[in-house]
Q: 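Sharing a structure below in structure tokens format, with a few things to ask.
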Amino acid sequence: VTVTLFDRQILSLDKVALTIRERTGQAVSRAELIRAILDAAAGSLNPEAPDFDKTVRDLFPILQG
């Protein structure tokens with residue numbers, strides 16, 4: 001899968017990766033960060049959850065209209 005990110009998103013990932021490296025000495029790639037973030041967020045995007053519709057509207061304000 002190929003995904004295009006905004007510059008602000010790339011900068012955010014780079015800042016997190018740099019902070020992890022500074023604090024732990026371990027290098028983390030953008031791809032590793034993205035996979036970890038998606039895994040962490042997956043629970044909040046459960047279509048069976050009672051608040052799924054609200055979660056989706058919060059993530060995608062364009063769907064509020």
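Heavy atoms only: backbone and side chains are in, while hydrogens, waters and symmetry mates are out.
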Q: Are side-chain heavy atoms of R30 and D14 found at a separation under 4.5 Å?
A: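 R30 vs D14: side chains touch.
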Q: Can you hop from L18 to V28 via hydrophobic side chains spaced under 4.5 Å?
A: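 L18 does not cluster with V28.
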Q: Let me see the working for K54 and D58 under salt bridge (Lys or Arg N to Asp or Glu O under 4.0 Å), right down to the final yes or no.
A: CA-CA 6 Å; K54 180 186 179 323; D58 290 346; 2.7 Å; yes
Q: Has D7 got more than 12 heavy atoms of other residues, nucleotides or ligands less than 6.0 Å from its CG?
A: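 Not more than 12 within 6.0 Å, no.
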Q: Heavy atoms, side chains only, cut-off 4.5 Å: are T55 and N46 in contact?
A: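 Side-chain contact under 4.5 Å: no.
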Q: With the 4.5 Å side-chain cut-off for hydrophobic clustering, are L33 and L38 part of the same group?
A: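 Yes: a chain of side-chain contacts under 4.5 Å links L33 to L38.
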Q: L59 and L63: same hydrophobic cluster, using ILVMFWY side-chain contacts below 4.5 Å?
A: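 Shared cluster, yes.
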Q: If you measure only the distance, is there a donor-acceptor pair under 3.5 Å linking the side chains of S29 and E32?
A: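 Note: S29 and E32 side chains meet the donor-acceptor criterion.
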Q: Please test R57 against D53 for side-chain contact (heavy atoms from CB on, under 4.5 Å), starting from the C-alpha separation and ending with a verdict.
A: CA-CA 6 Å; R57 284 191 304 274; D53 291 343; 3.4 Å; yes
Q: Cluster question for you: counting only ILVMFWY and a side-chain heavy-atom cut-off of under 4.5 Å, with indirect links fine, are L11 and L5 together?
A: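 As far as the 4.5 Å side-chain criterion goes, L5 and L11 are not connected within one cluster.
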Q: I want to check something: taking the side chain as every heavy atom from C-beta on, are T19 and R23 in contact at a cut-off of under 4.5 Å?
A: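 SC-SC contact between T19 and R23 confirmed.
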Q: Should F60 and V3 be regarded as members of a common hydrophobic cluster, given that ILVMFWY residues are connected when their side-chain heavy atoms come within less than 4.5 Å of each other, either directly or indirectly?
A: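 No, separate clusters.
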Q: Under the 3.5 angstrom rule, does the side chain of S12 hit a backbone N or O of R8 as a donor-acceptor pair?
A: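 Checked: no pair found.
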Q: Measuring from atom NZ of K15 to atom CG of L13, what distance do you get when rounded to the nearest 0.5 angstrom?
A: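 Answer for the NZ-CG pair, K15 versus L13, is 11.5 Å.
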